[in-house]
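In what follows, a single structure is set out as structure tokens and then discussed.
To find a chain, count down the sequence lines: A is the first, B the second, and so on, and within it residues start at 1.
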2 protein chains.
Amino acid sequence: MNIHHKLKEKGLKITPQRLVVMEAIFQLNNHPSAENIIEYVKEKFPNISVATVYKVLDIFVEKGILKKVKTDKDVMRYEGYLERHHHLFCDETHQIKDFHNKELDAIIQNYFSKYKIKDFEIKDFQLNINGVFKAS
Amino acid sequence: MNIHHKLKEKGLKITPQRLVVMEAIFQLNNHPSAENIIEYVKEKFPNISVATVYKVLDIFVEKGILKKVKTDKDVMRYEGYLERHHHLFCDETHQIKDFHNKELDAIIQNYFSKYKIKDFEIKDFQLNINGVFKAS
DNA sequence: CTATGTAAAGATAATGATTCTCTTTTAGAA
DNA sequence: TTCTAAAAGAGAATCATTATCTTTACATAG
Ligand SMILES: [Mn+2]
Ligand SMILES: [Mn+2]
Ligand SMILES: [Zn+2]
Ligand SMILES: [Zn+2]
């Protein structure tokens, strides 16, 4: 269940570059952009090429090891948390936070099991929640 | 409630370019990209500048006349339908279709009125539904 | 353990959607 | 009609991402 196994399982070679990209994703842990990841990775691996990072991210997404997070900016963001979950988007700071809630998932799931969408087979869903973060 | 009024209301000048961009959005009617819009607009308005189209789209989004549709591609898409609604994303063709359902909205709304998210004030939400379109 | 083939990394150029800058035109108020 | 700020037009610039090409190194077999 660790990265090594995951790469093996997907038929990908285990390389230090791939490992450090995964580490970056989990350490940064806030839906980082490629740029964020490159910055992190360069600390430990100053000679890594940006192209390598992009290629690693691409292949990880293709193999289902990472997911892209859609935003309304032209910079792609990534995450390694693959379970179903939703996102809180701050209108002001553009921060993104995860929101998990089994109960809500079940409610929506249940709704779709009763009311099928014509000519469409649902594979997955996520709720985008827009608003503003308030100080606690 | 027409475009003229909307532009006036927002303090924007009424120009043929702005009108034709709006027309494009509503005629194309499937979450078109800037490129789609430019293509449409050039038919009737061959000398319009791409920069103008981008500027018009930007200001319309800023003023709340249009909305951006988030995708996992690096091409932005736009829509003029502003009521709350959700999107069906086809994993295969990348087609996007609107999905409206008051009942579902109410269920989710109701859920959030009972279970507040800590430190976050919800302004709006949309459900992204991924899957595949099937022939009827 | 070593050799070998192939997948991956590195360097750097190219791409392409979008934005910027600067000049010219025009909507719309007076 | 005149005037001026706002908007349009042209084209260069930006910059995230991809592509190309060469070099390196994982991983398997011998
Ligand atoms: Mn691009
Ligand atoms: Mn860009
Ligand atoms: Zn997430
Ligand atoms: Zn829509």
Side-chain angles (χ1 to χ4, degrees), chain A residues 3-24 31-42 44-63 65-78 94, chain B residues 2-25 31-42 44-63 65-78 94:
Chain A
I3 317 277
H4 277 258
H5 286 143
K6 221 160 202 175
L7 293 177
K8 216 82 349 106
E9 178 183 289
K10 305 289 183 181
L12 297 174
K13 286 189 180 171
I14 295 159
T15 69
Q17 291 87 345
R18 284 173 175 170
L19 297 177
V20 74
V21 166
M22 269 323 250
E23 182 190 315
H31 311 87
S33 64
E35 195 191 1
N36 298 148
I37 293 164
I38 289 163
E39 187 184 15
Y40 179 98
V41 156
K42 288 232 168 171
K44 310 201 164 184
F45 224 107
N47 295 323
I48 197 168
S49 168
V50 281
T52 298
V53 174
Y54 278 104
K55 280 184 286 193
V56 169
L57 291 170
D58 270 3
I59 202 159
F60 282 4
V61 170
E62 192 187 309
K63 298 291 185 181
I65 298 170
L66 290 181
K67 287 196 307 185
K68 288 183 175 183
V69 180
K70 299 174 168 70
T71 74
D72 57 6
K73 291 282 171 313
D74 77 341
V75 177
M76 199 55 66
R77 298 176 66 163
Y78 299 86
H94 298 284
Chain B
N2 60 45
I3 317 278
H4 277 259
H5 286 144
K6 221 160 203 174
L7 293 177
K8 215 104 324 110
E9 179 183 289
K10 305 290 183 181
L12 297 174
K13 287 187 178 175
I14 295 160
T15 69
Q17 292 87 345
R18 284 173 175 173
L19 297 176
V20 75
V21 166
M22 268 323 251
E23 183 189 315
I25 293 267
H31 311 87
S33 63
E35 194 190 3
N36 299 147
I37 293 163
I38 289 163
E39 186 183 18
Y40 179 99
V41 156
K42 287 232 167 172
K44 312 199 163 184
F45 224 106
N47 295 323
I48 197 170
S49 168
V50 285
T52 297
V53 174
Y54 278 103
K55 279 183 288 193
V56 169
L57 290 170
D58 270 3
I59 200 160
F60 282 4
V61 169
E62 191 186 310
K63 297 292 185 179
I65 297 170
L66 291 181
K67 286 197 307 187
K68 288 185 175 182
V69 181
K70 299 173 168 71
T71 74
D72 56 8
K73 292 281 172 314
D74 76 341
V75 177
M76 200 52 69
R77 297 176 66 165
Y78 299 86
H94 298 284

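Counting only residues at least two apart or in different chains, salt bridge (charged side-chain N to carboxylate O under 4.0 Å, His left out) contacts with residues 3-24 of chain A comprise Glu23(A)-Lys44(A).
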Nucleotides 13-16 of chain C: which of its N/O atoms have a protein N/O under 3.5 Å away?
none

Report all interatomic pairs (protein N or O, nucleotide N or O of nucleotides 7-12 of chain C) with separations under 3.5 Å.
from	atom 1	to	atom 2	distance (Å)
dA7(C)	O4'	Lys13(A)	NZ	3.2
dA8(C)	OP1	Arg18(A)	NH1	2.9
dA8(C)	OP1	Arg18(A)	NH2	3.1
dA8(C)	O5'	Arg18(A)	NH2	3.1
dA9(C)	OP1	Thr15(A)	OG1	2.9
dA9(C)	O3'	Gln17(A)	NE2	2.7
dG10(C)	OP1	Gln17(A)	NE2	3.1
dG10(C)	OP2	Ser49(A)	N	3.3
dG10(C)	OP2	Thr52(A)	OG1	3.0
dG10(C)	O6	Lys55(A)	NZ	3.2
dA11(C)	N7	Ser49(A)	OG	3.4

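Over its full length, the helix from dC1(C)-dG30(D) to dA30(C)-dT1(D) turns its helical axis through 30°, comparing axes from the five pairs at each end and rounding to 10°.
Here NE2 of His31(A) is found 14.0 Å from CE of Met76(A). Values are rounded to the nearest 0.5 Å. Once rounded to the nearest 0.5 Å, the distance linking OG1 of Thr71(B) with CZ of Arg77(B) reads 7.0 Å.
On the nucleic acid side, DNA chain D contacts chain B at distances under 4.0 Å to non-hydrogen atoms, with the end points of that region at dA5(D) to dG11(D).
Each of Val75(B) and Lys8(B) lies near DNA chain C, and the nucleotide nearest Val75(B) is the one positioned closer to the 5' end.
Within 6.0 Å of NE2 on His94(B) lie more than 12 heavy atoms contributed by other residues, nucleotides or ligands.
Considering all non-hydrogen atoms of both residues, Phe45(B) and Pro16(B) come closest at CE1-CB, 3.6 Å. What you find for Val21(A) and Phe60(A) is that their closest heavy atoms are CG1-CE2, 4.5 Å.
In this structure, the side chain to side chain contact (heavy atoms under 4.5 Å, CB included) partners of Ile14(B), at least two apart in sequence or on a different chain, are His4(B), Leu7(B), Leu19(B). Taking Ser33(B) as the reference, Asn36(B) meet the side chain to side chain donor-acceptor pair (under 3.5 Å) condition, with sequence neighbours excluded. Residues meeting the side chain to side chain contact (heavy atoms under 4.5 Å, CB included) test with Asp72(A), sequence neighbours left out: Lys68(B), Lys70(B).
Using a 4.5 Å heavy-atom cutoff, the side chains of Leu66(A) and Val61(A) are in contact. Side-chain contact check for Leu12(B) versus Ile65(B): some heavy-atom pair is nearer than 4.5 Å.
Near-neighbour residues of DNA chain C inside residues 31-42 of chain B, defined by a heavy atom below 4.0 Å, number-ordered: Ala34(B).
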Please report, to 0.1 Å, the donor-acceptor pairs under 3.5 Å made by any side chain of residues 47-55 of chain B, with sequence neighbours excluded.
from	atom 1	to	atom 2	distance (Å)
Ser49(B)	OG	Ala51(B)	N	3.2

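OP1 or OP2 of dT19(C) has not a single side-chain nitrogen or oxygen of Tyr54(B) nearer than 4.0 Å.
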